[in-house]
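Okay, structure first, notes after.
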Amino acid sequence: MKILKKGAFKVLALLLLISTPYACDNEDDLNIIAGLDFTIATLNAEGNQTGVVATTIPPDGRILFTVDFGNPNDDADVFETNGPMVMYNYPLETATYTITVTASLPGREDVTITKDHTVIYVTEPDPTPNSPIAGTWKLAPIAGAFGVGPGFNDTSWFSSSADDVTTRDCLFDDEYVFGTDGSFMNVLGDQTWLEAWQGQDPEACGTPVAPHDGSGAATYTFNAAMGTLTLNGTGAFMGLAKVINGAELAAPGDAPDSITYVAELSANGTMLELDIQVAGDGWWSFTFQKDGETPPPAPSALEGVWKMAPEAGAFFVGPGFNSSEWFSSSADDVTTRACFFDDEYVFGADGSFMNVLGADTWLETWQGAATEGCGAPVAPHDGSNAATYTYDESAGTITLNGQGAYLGLSKVVNGAELAAPGEAPDSITYQAELTDGGTRLEVDIQIAGDGWWSFTLVKDDAVAPSSPIVGSWALAPEAGAFFVGPGFNSSEWFSSSADDVTTRACLFDDEYVFGEDGSFTNVLGADTWLETWQGAATEGCGTPVAPHDGSGSATYTYDEGAGTVTLNGTGAFLGLAKVINGGELTAPGDAPSSITYQVEITDGGNRMEIDIQIAGDGWWSFSFVKQ
């Protein structure tokens, strides 16, 4: 008789990403048990470590899943879970097993389904010449390079400081080397950081302690699609040697043979974030930087949203620095020019800059207005172009790079005032001074002769709550995640299946990231779903094809009232790259500079439905869930 194990299994919270949260609040919701399905994943290089996760897991835990891994020679291969995942190590041999999952819910009949799973035992990992993480890595020399807290990406219990880069330099110079042949090495040098469990009390730099000294052979498997990094070899580790799956080591001799991390590689391949769950809800996070790469920039004092100060004298001009002899705004202007005073100047943490003007701003006759007044923003001063900024605190200057980017009044440029929108320069530099604890910004700029404009901006502390679209989204891992038909919400022509979640995993793990600052990014990883119009011989997973590879700059506009979201930037898309307004692409080079979708946010802001009309009556629909 097989032994039923409950709770004696490892849980990888990353696979919560491929489960669908579901609220069981009414009679219909209880019927989700009838839609039972599960996903099987191979988690190690040898091919025998297998994970099973049900693809419908209510967050209240009312469904009990019994997983039988189907090994006739092991009485301990049956597990119970309320989600998300259970893991089992099959014998080190190639064989096929039948995995059975049974869902039980009080008041409902049990539902059972089975799937065959073949273990292909590999004695050594295949070489990975194209591994995106091949190379030498170190902890990023920044504050918060590693930390721990009571949840994923939560470092509220402890976070390393900027001073730790120096005081723990023997840790920050440790190297983590991923070979193109699948090998892995810890290269620690003469010293590394030791703690009491390693015999060093108080903790300090010291001689590396076996098996965490890099002396053992090790290999790695990086699965970009699943977002995992597995190290195989006793003593192999990333960041801190004590941190393992489900625990922290109490002695060096307790080191496991394998560790799996949740892994996310930056789009440019130079930063690697690893997360790992220890006991209970504890999670460690580590940020690594590829050796030789420039560390990320320090946070800018300008980062955030700014507006014109709502006061008399918010902007003025005169024949000399800080002179208001020619003109100065009045207190009444705050109301009469409200469409100007509500304009936002957004400085992003990543060096991006945006003019967010809304439906109207203040226009003048040089922009084509018959008289000065509120009107629709005029390109290129409408925030549609990508822009960046450089703030030189010591020199007291701000430089905006990007045609049409500006502060205060769009006509004011270095050495002149514009006579036409098309004369906008690619760059403008302002003199800048931050005051009032970094909440007030005065910028000055010289125009023709001795003329100087001055603008006073204040940090927007009353920014509206974050837009519900802000965040990272992925296709819902379920049947019908995307479909097309001859009418709105019709799936007559095609609808994705439950199996597509696995067979098109490289599509379902793509992320669509809407930034707080109005930026948009397609984060596709090493591969995505390709079709023949993109040059693929047949449909399947492959390297993303430009411009639909996330390499271009893009922004978005979300109009909650109209129920639309517009992506601005060639190659930016949601769901399928080929789907555009009024058609489907036949070549990557035909990608438009803008696409508008109908959008509906549901499920408390956690689900997004997107619809777009193509040729004739054809409509595509996509369902996304917030990550």
Side-chain angles (χ1 to χ4, degrees), residues 1-15 18-19 33 36-57 63-104 109-126 182 211 216-221 223 226 228-236 244-247 249 253-261 277 498-499 501-503 505:
M1 177 177 180
K2 290 191 172 182
I3 301 172
L4 190 66
K5 299 178 71 176
K6 185 172 183 178
F9 52 84
K10 300 178 181 177
V11 175
L12 280 184
L14 76 106
L15 286 190
I18 64 170
S19 63
I33 189 174
L36 173 64
D37 197 4
F38 63 90
T39 297
I40 304 171
T42 299
L43 302 177
N44 66 342
E46 289 78 10
N48 70 312
Q49 187 177 68
T50 301
V52 167
V53 59
T55 54
T56 303
I57 302 176
I63 294 182
L64 178 66
F65 300 95
T66 303
V67 181
D68 186 338
F69 282 89
N71 183 0
N73 300 316
D74 186 3
D75 288 337
D77 69 334
V78 182
F79 303 84
E80 286 183 349
T81 181
N82 298 105
M85 184 175 94
V86 291
M87 296 197 312
Y88 176 72
N89 288 344
Y90 284 104
L92 294 173
E93 60 186 18
T94 298
T96 297
Y97 303 88
T98 298
I99 299 177
T100 302
V101 174
T102 299
S104 302
E109 292 186 6
D110 289 355
V111 175
T112 298
I113 61 173
T114 63
K115 292 184 181 181
D116 287 340
H117 173 61
T118 300
V119 173
I120 301 176
Y121 174 52
V122 180
T123 56
E124 293 290 342
D126 291 334
T219 61
Y220 75 95
T221 302
N223 190 325
M226 294 293 293
T228 60
L229 169 65
T230 299
L231 303 183
N232 298 297
T234 304
I244 62 173
N245 296 114
L249 294 177
D254 296 335
D257 295 333
S258 178
I259 305 177
T260 296
Y261 303 85
Q277 189 174 18
D499 288 341
V501 179
T502 303
T503 57

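Since the structure is predicted, the reported quantities are computational estimates derived from the model, not experimental observations.
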Exercise. Looking only at atom types and distance, does a side-chain atom of N48 sit under 3.5 Å from a main-chain N or O of Y90, one as donor and one as acceptor?
Worked result: yes
Problem set entry | Test item: D74 and F69 side chains (from C-beta on) under 4.5 Å apart, heavy atoms | no
For this session: Report the residues that fulfil side chain to side chain donor-acceptor pair (under 3.5 Å) with T114, sequence neighbours left out, ordered by chain and then residue number.
Result: none
For this session: Find the distance between CG (L231) and OG (S258) and round it off to the nearest 0.5 Å.
Result: 7.5 Å
Problem set entry | Spacing of NZ belonging to K115 relative to CD1 belonging to I40, to within rounding of 0.5 Å | 6.0 Å
Seminar exercise, completed: When V53, T100, I113 are each screened for side-chain contact (heavy atoms from CB on, under 4.5 Å) with F38, the one that passes is I113
Exercise. For Y88, which of V52, N71, I99 qualifies under side-chain contact (heavy atoms from CB on, under 4.5 Å)?
Worked result: N71
Exercise. Got a second to check how far D37's CG is from T502's OG1, nearest 0.5 Å?
Worked result: 7.5 Å
Problem set entry | CG-OG1 distance between D254 and T234, expressed to the nearest 0.5 angstrom | 11.5 Å
Seminar exercise, completed: Closest heavy-atom pair, E80 versus T66, reported as atoms and distance to 0.1 Å, is CG-OG1, 3.9 Å
Problem set entry | side chain to side chain donor-acceptor pair (under 3.5 Å) partners of T94, counting only residues at least two apart | none
Exercise. Partners of D116 by side chain to side chain donor-acceptor pair (under 3.5 Å), sequence neighbours excluded?
Worked result: T98
For this session: Among L64, V67, T112, find the residue that satisfies the side-chain contact (heavy atoms from CB on, under 4.5 Å) test when tested with T102.
Result: T112
Seminar exercise, completed: Closest non-hydrogen contact found for A255 with P211 is CB-CG, 3.9 Å
For this session: Please round to the nearest 0.5 Å and tell me the distance separating atom CD of Q49 and atom CG of N232.
Result: 8.0 Å
For this session: Answer with yes or no whether the side chains of Y97 and D77 bring together a donor and an acceptor at under 3.5 Å.
Result: no
Exercise. Hey, does I259 have a side-chain heavy atom less than 4.5 Å from the side chain of N245?
Worked result: yes
